[in-house]
Enquirer: 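Once you've had a glance at the structure underneath, I'll fire off some questions.
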Amino acid sequence: MPQPNDLSRSLVALDQDSTIIAVVELSQSSWLVAGVLPGIERQPRKKLEPSAERLLGLLHRWRDEAVRAGKKITRIALAFEAGRDGFWLARWLNARGVEAHVIHPSSVAVSREHRRAKTDRLDTELLKRAFLGWLRGERGHCGMARVPTIAEEDAKRPNRERECLVGERTRIVNRMKATLARLGVRNFKPTLRKAAERLATVHTPEGTPLPRNVLAELQRDMARLGFVVGQIREIEQARQKRFEQETETGPHAMVRQVARVIGIGIETADMLVHEVLSRPMRDRKAVARYAGLTGSPDESGARRREQGLARAGNARVRRGMIQLAWRFLRFQKQSALAQWYRARTADSRLGTRKTMIVALARKLLIALWRFVTTGETLEGVILRPAG
């Protein structure tokens, strides 16, 4: 029986005689709209400037054409591929009576020719065939992405911004260390509190001070590093303030619940909740698939091999869970999951630990999902006191 949050097929019966079906190929310079109109033999196609108002006007014009052809239009269904534009267009159209869907690009089957032709016109034909099959309720045509609210998208921004800033901090520090290493200086740590003051006293192994241009470059890098560190601290303080003010609201309560597990910090808990745990998932398989922690088998005839992770899900969740799995083994040694991992890596075969840590990450993510959604306890896991 299909569940309400199953986006692999439509749960609404399709009456094609009363439904306008449209797909949009989005780009920065133009939008190509193709449609299937009841009572109209031709399948229209129109190139527009990137404008939601123009798109809505075109859909209404097509509706009027179908009405003049003797059809009663009760539904307008539109789909486009997920990409740079995000979900704003789907929200905008849904608010104006258009049923808008966002297609996972990787779920649309394409030709396997070595040099297949690819144009916007051909892409709209592919999207139409996939979307029609999805509307008919047939599995395997394409997969739809859940359209988040503005509040849900906004809740992800602090964690993602902090991730970018941490990467920038690492790049600045590495660049400074590389600059000093070329001069033979290896004992300078840019992350120390008084590193900027100590920079002027650094000498090369020859006993000479740093060259003028190198010193000026490092001082500018120190200024950038201080600015980035300040922004990271600002994000963390703002998040802590939100947690103190909104302790019992849905996502914040989930973050506090996940952070009770020893070995999971507030940063990891915040990322997991807003990226995956607060999403309405169909089942445990959907949770693992969204994180990109499922395998991609290659089986044909007698050939049986595993190609590795599918990597079709959320890369942030995948990276975070694999790191968390290693940390979980250190802090939760008596848990059932840690014992399961040790039992399967006891033979010490080459590559076993690396393979099984992915399996542990998948099991741990599913266990955390059940923990915050159903309250199911994690067997053998040590929790911090509530509050």
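Just so you know, these numbers come straight off a predicted model, no measurement behind them. Any value given below was found using the heavy atoms of this structure, including those in side chains, with hydrogens, waters and symmetry copies removed.
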Enquirer: With a 4.5 Å heavy-atom cut-off, do Phe87 and Arg91 have their side chains touching?
Expert: yes
Enquirer: Say you draw a straight line from CG of Leu7 to NE2 of His104; how long is it, rounded to the nearest 0.5 Å?
Expert: 7.5 Å
Enquirer: Is there side-chain contact between Gln332 and Ile382, with at least one heavy-atom pair below 4.5 Å?
Expert: yes
Enquirer: Please examine the side chains of Glu275 and Met271, heavy atoms only from C-beta on, and report whether any two atoms are closer than 4.5 Å.
Expert: yes
Enquirer: Are Val358 and Leu272 connected into the same hydrophobic cluster when the rule is that any two of I, L, V, M, F, W, Y join if their side-chain heavy atoms are below 4.5 Å apart?
Expert: yes
Enquirer: Could you pull out the closest heavy-atom pair between Ala109 and Leu126, with the gap in Å?
Expert: O-CD2, 3.9 Å
Enquirer: Is the number of heavy atoms from other residues, nucleotides or ligands within 6.0 Å of CZ (Arg303) greater than 12?
Expert: yes
Enquirer: According to salt bridge (Lys or Arg N to Asp or Glu O under 4.0 Å), does anything in residues 114-126 pair up with another residue at least two apart or in another chain? List the pairs.
Expert: Arg45-Glu125, Lys118-Asp123, Glu125-Lys128
Enquirer: Does NZ or CZ of Lys47 come closer than 6.0 Å to the centre of the six-membered ring of Trp31, within 45° of the ring's axis?
Expert: no
Enquirer: Got a sec: does the NZ of Lys177 have more than 12 other heavy atoms crowding it under 6.0 Å?
Expert: no
Enquirer: Could you measure the distance from the CD1 atom of Ile366 to the CE atom of Met281? Nearest 0.5 Å is fine.
Expert: 11.0 Å
Enquirer: Checking His60 against Asp64: is there a side-chain donor and acceptor pair closer than 3.5 Å?
Expert: no
Enquirer: Going by distance alone, is a donor N or O of one side chain under 3.5 Å from an acceptor N or O of the other, for Thr204 and Glu206?
Expert: yes
Enquirer: Please report the shortest heavy-atom distance between Val255 and Ala269, naming the atom on each side.
Expert: O-CB, 3.7 Å
Enquirer: Answer yes or no: is there an ion pair linking Arg96 with Glu53, defined by an N-O contact shorter than 4.0 Å?
Expert: no
Enquirer: Could you see if Phe331 belongs to whatever hydrophobic cluster contains Leu324? Use Ile, Leu, Val, Met, Phe, Trp, Tyr and a side-chain cutoff under 4.5 Å.
Expert: no
Enquirer: Quick check: does any side chain N or O of Gln339 sit under 3.5 Å from a backbone N or O of Gln334, one acting as donor and the other as acceptor?
Expert: yes
Enquirer: Are Arg160 and Glu163 close enough for a salt bridge, meaning some N to O gap below 4.0 Å?
Expert: no
Enquirer: Could you tell me the separation between the OG1 atom of Thr191 and the CE atom of Met222, rounded to the nearest 0.5 Å?
Expert: 8.5 Å
Enquirer: Once you round to the nearest 0.5 Å, how far does CG of Asp298 lie from CZ of Arg304?
Expert: 10.0 Å
Enquirer: Count the heavy atoms of every other residue, nucleotide or ligand shown that sit under 6.0 Å from CZ of Arg353, and state whether that count exceeds 12.
Expert: no
Enquirer: For Ile232 and Arg169, run side-chain contact (heavy atoms from CB on, under 4.5 Å): C-alpha distance rounded to whole Å, both residues' side-chain angles, the deciding distance at 0.1 Å, then the answer.
Expert: CA-CA 9 Å; Ile232 293 174; Arg169 179 182 64 185; 4.1 Å; yes
Enquirer: Do Phe188 and Ile172 belong together in a cluster built from hydrophobic side chains that touch within less than 4.5 Å?
Expert: yes
Enquirer: Any side-chain donor-acceptor pair under 3.5 Å between Asn94 and Glu99?
Expert: no
Enquirer: Cut-off 3.5 Å, side chains only: do Ser8 and Arg139 have a donor facing an acceptor?
Expert: yes
Enquirer: Do Phe371 and Glu376 pass the side-chain contact (heavy atoms from CB on, under 4.5 Å) test, and can you show the C-alpha distance, the side-chain angles, and the key distance before you say yes or no?
Expert: CA-CA 5 Å; Phe371 180 53; Glu376 181 179 336; 6.0 Å; no
Enquirer: Can you confirm whether Arg362 sits close enough to Met321 that some side-chain heavy atom of one is under 4.5 Å from a side-chain heavy atom of the other?
Expert: no
Enquirer: For a 4.5 angstrom cut-off between non-hydrogen side-chain atoms, does Leu378 reach Leu368?
Expert: yes
Enquirer: Could you pull out all residues at least two apart from His141 that satisfy ring pair (Phe, Tyr, Trp, His ring centres under 6.0 Å)?
Expert: none
Enquirer: I'd like to know if Arg146 pairs up with Glu152 as an ion pair, taking the criterion as any Lys NZ or Arg NE/NH1/NH2 lying under 4.0 Å from an Asp or Glu carboxylate oxygen.
Expert: yes
Enquirer: To the nearest 0.5 Å, how far apart are CG in Leu360 and CG in Leu365?
Expert: 11.0 Å
Enquirer: Mind checking the OG-CG spacing from Ser51 to Leu58? Nearest 0.5 Å is all I need.
Expert: 11.0 Å
Enquirer: Is there a path of hydrophobic side-chain contacts, each under 4.5 Å between heavy atoms of I/L/V/M/F/W/Y residues, joining Val166 to Val228?
Expert: yes
Enquirer: So which heavy atom on Arg327 is nearest to which on Gly263, and how close?
Expert: NE-O, 2.8 Å
Enquirer: Considering non-hydrogen atoms only, spot the tightest contact between Ile266 and Ala259 and give its length.
Expert: CD1-CB, 4.2 Å
Enquirer: Check whether any side-chain heavy atom of Val258 sits under 4.5 Å from a side-chain heavy atom of Leu277, and report yes or no.
Expert: yes
Enquirer: Does Gln307, at its CD atom, have more than 12 non-hydrogen atoms belonging to other residues, nucleotides or ligands within less than 6.0 Å?
Expert: yes
Enquirer: Using the side chain to side chain contact (heavy atoms under 4.5 Å, CB included) rule, pick out the option among Glu236, Lys241, Gln237 that qualifies with Arg239.
Expert: Glu236
Enquirer: Does a side-chain heavy-atom distance below 4.5 Å link Gln16 with Leu132?
Expert: yes
Enquirer: So, for Pro38 and Asp17, which heavy atoms are closest and what is the spacing to 0.1 Å?
Expert: CB-O, 3.3 Å
Enquirer: If you apply the rule side-chain contact (heavy atoms from CB on, under 4.5 Å), what do you find for Leu89 with Leu55, and how did you get there?
Expert: CA-CA 10 Å; Leu89 181 60; Leu55 174 60; 4.2 Å; yes
Enquirer: Identify the heavy atoms of His274 and Ala155 that sit nearest to each other, and give their distance.
Expert: CD2-CB, 3.4 Å
Enquirer: Before giving the answer on salt bridge (charged side-chain N to carboxylate O under 4.0 Å, His left out), spell out for Asp221 and Arg224 the whole-Å C-alpha distance, their side-chain angles and the decisive distance to 0.1 Å.
Expert: CA-CA 5 Å; Asp221 282 337; Arg224 278 193 289 269; 2.4 Å; yes
Enquirer: Quick check on Arg212: does its CZ atom have over 12 non-hydrogen neighbours (other residues, nucleotides or ligands) under 6.0 Å away?
Expert: no
Enquirer: If we only count heavy atoms from C-beta on, is the Glu81 to Leu127 side-chain gap below 4.5 Å?
Expert: yes
Enquirer: Linking I/L/V/M/F/W/Y whenever any side-chain heavy atoms sit under 4.5 Å apart, do Leu59 and Phe80 land together?
Expert: yes
Enquirer: So for atom CD1, which belongs to Ile150, do other residues, nucleotides or ligands contribute more than 12 heavy atoms lying within a distance under 6.0 Å?
Expert: no
Enquirer: Could you please spell out the steps behind the side-chain contact (heavy atoms from CB on, under 4.5 Å) verdict for Lys71 and Arg63?
Expert: CA-CA 9 Å; Lys71 301 294 182 179; Arg63 181 187 59 188; over 6 Å; no
